[in-house]
2 protein chains.
Amino acid sequence: MNKENNCPLHYTMNLIGTKWKPLLLFHLLEGDLRSGVLQKKIPEISNKMFTQTVRDLEKDGLITRTIFPVVPPKVEYGLTSRGQSLEGILRSLDKWGLEDCKNS
Amino acid sequence: MNKENNCPLHYTMNLIGTKWKPLLLFHLLEGDLRSGVLQKKIPEISNKMFTQTVRDLEKDGLITRTIFPVVPPKVEYGLTSRGQSLEGILRSLDKWGLEDCKNS
DNA sequence: CCGCATCCTAGACGATACTG
DNA sequence: CAGTATCGTCTAGGATGCGG
């Protein structure tokens with residue numbers, strides 16, 4: 001478990017509970033994506049936050065980052081099995097948001 | 001839907017994606033709780049954040065706040081139906097954290 | 001018992017400009 | 001095309017103490 005907290009729920013939130021992480025992961029559920037393509041799926045994200053978030057996710061072992069040594073540069077992102085295991089949560093979050101809108 | 005964003009997932013995260021909100025909601029799944037009791041379920045939370053978070057949740061219609069006009073003061077919190085509808089998500093987050101710990 | 005007010009810090013987030 | 005660097009803002013969050 002983690003250091004400061006012994007609650008599984010909190011532990012999960014510490015991993016994916018930021019503004020952009022769930023969104024990035026969600027889009028990768030459909031399959032691996034080039035950096036530019038992934039970023040364009042979320043037009044509102046700044047370049048900085050994209051890179052930073054993606055690096056965090058890689059560090060935590062939720063996504064992979066593959067660099068192709070070609071010109072122009074090519075980088076692809078994909079889910080690890082650990083990242084893939086979040087699918088249920090991500091789809092629940094998406095679905096709930098959808099449902100909730102209809103009722104408000 | 002919300003203003004700045006047209007993504008359901010993001011919409012949900014905006015509602016419950018803070019440090020303490022999911023935790024508070026999770027504990028209320030078991031039933032209504034007095035303020036002090038609820039707060040003691042999360043020893044690490046500061047008094048300020050407890051009040052602030054609970055007010056946010058009330059404002060968003062996820063929990064109810066009932067004041068009993070007695071001395072000493074008594075306040076109870078409980079889930080609204082909208083809050084209750086988050087149960088699936090909350091339990092998923094908890095369950096995932098539990099599973100993930102075992103594998104790491 | 002419950003909550004409010006205040007002061008404070010860390011870091012999340014954004015805009016812009018620049019490199020291989 | 002992909003990522004870095006820098007600078008700036010804003011808010012989440014914490015510590016402490018007061019008041020009904």
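Labels below follow one simple rule: chain letters A, B, ... track the order of the sequence lines, proteins then strands, and each chain is numbered from 1.
Between the CE atom of A:M49 and the P atom of D:dT4 there is a distance of 14 Å, rounded to whole Å. Separating the OH atom of A:Y77 from the P atom of D:dC1 is a distance of 15 Å, rounded to the nearest angstrom. Per the geometry, NZ belonging to A:K40 stands 6 Å off P belonging to D:dC1, to the nearest Å. Distance CD (B:Q39) to C1' (C:dC1): 11 Å, rounded to an integer number of Å. Rounded to whole Å, the distance from CZ on A:R34 to P on D:dC1 is 8 Å. Atom P of nucleotide C:dT6 and atom CG of B:N47 are separated by 16 Å, given to the nearest angstrom. The separation between A:F50 atom CZ and D:dG3 atom C1' is 10 Å, rounded to whole Å. Spacing between atom CD1 of B:I45 and atom P of D:dG14 amounts to 8 Å, rounded to whole angstrom units.
Of all nucleotides listed (C:dC13, C:dC1, D:dG3), D:dG3 comes nearest to the side chain of A:V75. For B:T51, counting side-chain heavy atoms from C-beta on, the closest listed nucleotide (C:dG3, D:dG20, D:dG14) is C:dG3. Here the side chain of A:S46 is nearest to one of C:dA15, C:dC1, D:dG13, namely C:dA15.
A:L24 has its side chain within reach of A:I45: a pair of non-hydrogen atoms, C-beta onward, lies under 4.5 Å apart. Counting heavy atoms from C-beta on, the side chains of B:E58 and B:V54 never come closer than 4.5 Å. Within the 4.5 Å cutoff, the side chain of B:D100 has no heavy atoms near those of the A:T12 side chain.
With B:T64 contributing its side chain and B:G78 its backbone, the two residues share a donor-acceptor pair below 3.5 Å. Judged purely by atom type and a 3.5 angstrom limit, A:S92 has no side-chain atom pairing as donor or acceptor with the backbone of B:I89.
Each end of the helix from C:dC1-D:dG20 to C:dG20-D:dC1 gets its own axis, taken as the rotation carrying the C1' atoms of four end pairs onto the next four within a five-pair window, and the two axes meet at 50° to the nearest 10 degrees.
Contact annotation: B:S35 does not reach the phosphate of C:dC1 (side-chain N/O to OP1 or OP2, under 4.0 Å). Close to C:dA12, at under 4.0 Å from its OP1 or OP2, lies no side-chain N or O of A:K48.
When all heavy atoms are compared, the tightest approach of A:L98 to B:P8 is CD1-CG, 3.5 Å.
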Dump the intermediate steps for side-chain contact (heavy atoms from CB on, under 4.5 Å) on A:T18 and A:Q52, then the final yes or no. CA-CA 12 Å; A:T18 68; A:Q52 183 177 310; over 6 Å; no
Could you check A:L86 against A:K21 for side-chain contact (heavy atoms from CB on, under 4.5 Å), going step by step and ending with a plain yes or no? CA-CA 12 Å; A:L86 285 164; A:K21 283 182 182 178; over 6 Å; no
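A salt bridge does not link A:E99 with A:K95: every distance from a Lys NZ or Arg NE/NH1/NH2 to an Asp or Glu carboxylate oxygen is 4.0 Å or more.
Residues from residues 53-67 of chain B placing a heavy atom under 4.0 Å of any atom in DNA chain C, listed by number, are B:R55, B:R65.
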